[in-house]
Protein chains: 2
Amino acid sequence: MVRDRPIPEATVARLSLYLRVLIDLVAAGAVTISSESLAEGAGVTSAKVRKDLSFLGSYGTRGKGYDVAYLVHQIQRELGLTQPWPIAIVGVGNLGQALANFRGFGERGFRVAVLVDADPQKVGGRIGDVEVRPVGELAPLVAEHRVAIGVIATPARAAQEAADALVGAGIRSILNFAPAVLTAEPGVTIRKVDLAIELQILAYYEQRKAVVREVRRGRPATTSRS
Amino acid sequence: MVRDRPIPEATVARLSLYLRVLIDLVAAGAVTISSESLAEGAGVTSAKVRKDLSFLGSYGTRGKGYDVAYLVHQIQRELGLTQPWPIAIVGVGNLGQALANFRGFGERGFRVAVLVDADPQKVGGRIGDVEVRPVGELAPLVAEHRVAIGVIATPARAAQEAADALVGAGIRSILNFAPAVLTAEPGVTIRKVDLAIELQILAYYEQRKAVVREVRRGRPATTSRS
DNA sequence: CAGTGTGAACCTTTTCACAGCA
DNA sequence: TGCTGTGAAAAGGTTCACACTG
């Protein structure tokens, strides 16, 4: 059963992370794990782990830790990963191909079921055992494969069109990799991953580090606001 | 000058987003913009825009809005984007190639200066005008091109090794695309982008939507906690 | 008077610290 | 005794609402 109260988004993201660590632990033969060890494996604090897991219910044993296999099961159930999700990718350029080939998806509950591209040159090609089809065929393909999640891997200028096509095909959950802000009717969830933004955040902190180094080297620290 | 107080990370991420919108506006010939319009273009609220921009100082004009060109300049300066950052990518598989070819980087202040791969088969290949070199040559290449930011696009099992190589080459800021938790000495910043996690978050909400639809269709709502 | 700049309220998330249980 | 589960406190981020100004 799914809980009435939704789990905080920050926790959902980490549950996914714990799942990865736990699956490795199962493979390594571990039977139980403490919040401390799981935290170390996931790169977070143990208090966070315990609080996060408490949203699933009380599955730990005081004094011992958590049963690894059971925890994997509970997290998968909560995240809706009991069966693989078929996904559709719009845009088979470099990024689309990388995503279609990404083994991490298969290992973590997703299956690339549909690939479409607006470029007729790309139609007919194959990635793995999936053939690239024209965008126009999206709706029947989505229906046929019962796709519920779409991924946009087009250039920015084609992204809104791709989103419209996905929504038109009945998809209500979209992951957008194009650097563009997309709009859709209420009820459609759009998440974005902006690769350049991630780099820019890094550059911001790198720049700060450089300044700190410079200040340490003997320059007076500035206190002014401009 | 860089502010003594760091800007909140959430704000840094959005500044980057505003920048993209503003650059488009400059191209379109806009001279001033209100927080309202910028908010619409970036997909956020106007209060957020104003609060975010206030971290840069008071660059708006009451009653009119912000000078677009000046704002672009200020954000670039704050984010450290006044000159392009040379970056190094470790791993030239599907994802590494996609990243190396990603035009968004070039447009947003980054330049792929170094590409390395552990696979001798891949060494010698070219992506754009950059040749793929062996991982062993990372240190001199990083020094030569003054690279300060590294990107890991290897499979998970090779990611820690890639991180060690980058740190050994003097890099202190790393963006990790491999689904693995990496460790490095203090002073090294590691950010991660986990493509599968993003999909899993989406799947979680999609699953919840499905449950809500089912409940609406006549099933009694559950109130139990398990 | 349109639209910025910003305290204050509010909400979310993290951290703390310890009671309670195996 | 060791480790979970969780209230309570703290920190971080968002939204509100309005004084202020060009």
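Each chain gets a letter, A, B and so on, in the order its sequence line appears, and its residues count up from 1. Just the heavy atoms: all of them, side chains too, but no hydrogens, waters or symmetry mates, feed the values below.
Paired with A:Tyr18 under the rule side chain to side chain contact (heavy atoms under 4.5 Å, CB included), one option of A:Ile23, A:Val44, A:Val72, A:Leu71 passes, and it is A:Val44. Checked options B:Val31, B:Val68, B:Thr32; the residue passing with B:Leu25 is B:Val68 (criterion: side chain to side chain contact (heavy atoms under 4.5 Å, CB included)).
Under the 3.5 Å distance criterion, with hydrogens and angles disregarded, a donor-acceptor pair is assigned to the side chains of A:Tyr70 and A:Gln74.
Nearer the 5' end of DNA chain C, as judged by each residue's closest nucleotide, is the contact made by A:Lys48, out of A:Lys48 and A:Lys64. Of the two residues near DNA chain C, A:Pro8 and A:Thr61, the one whose nearest nucleotide lies more 5' is A:Pro8.
Nucleotides of DNA chain C with any atom under 4.0 Å from a heavy atom of chain B span, from 5' to 3', C:dA2 to C:dA8. Along DNA chain D, the stretch of nucleotides lying under 4.0 Å from any heavy atom of chain B spans, 5' to 3', D:dG13 to D:dG22.
A:Thr45 comes within 4.0 angstrom of sugar-phosphate atoms only, judged by non-hydrogen atoms across all strands, and of no base. Residue-level contact check: B:Gly63 touches the bases, meaning some heavy atom is under 4.0 Å from a base atom.
Taking CG of B:Leu175 as the start and CG of A:Leu195 as the end, the distance is 8.0 Å to the nearest 0.5 Å.
When the side chain to side chain donor-acceptor pair (under 3.5 Å) test is applied to B:Glu198, the partners found at least two apart in sequence or on another chain are A:Arg191.
Within a 6.0 Å sphere centred on CD of A:Glu161, other residues, nucleotides and ligands contribute 12 heavy atoms or fewer. Within 6.0 Å of atom CD in B:Gln76, more than 12 heavy atoms from other residues, nucleotides or ligands are found, so the atom counts as buried in its surroundings. Applying the 6.0 Å contact sphere to CD of B:Glu36 captures no more than 12 heavy atoms from other residues, nucleotides or ligands.
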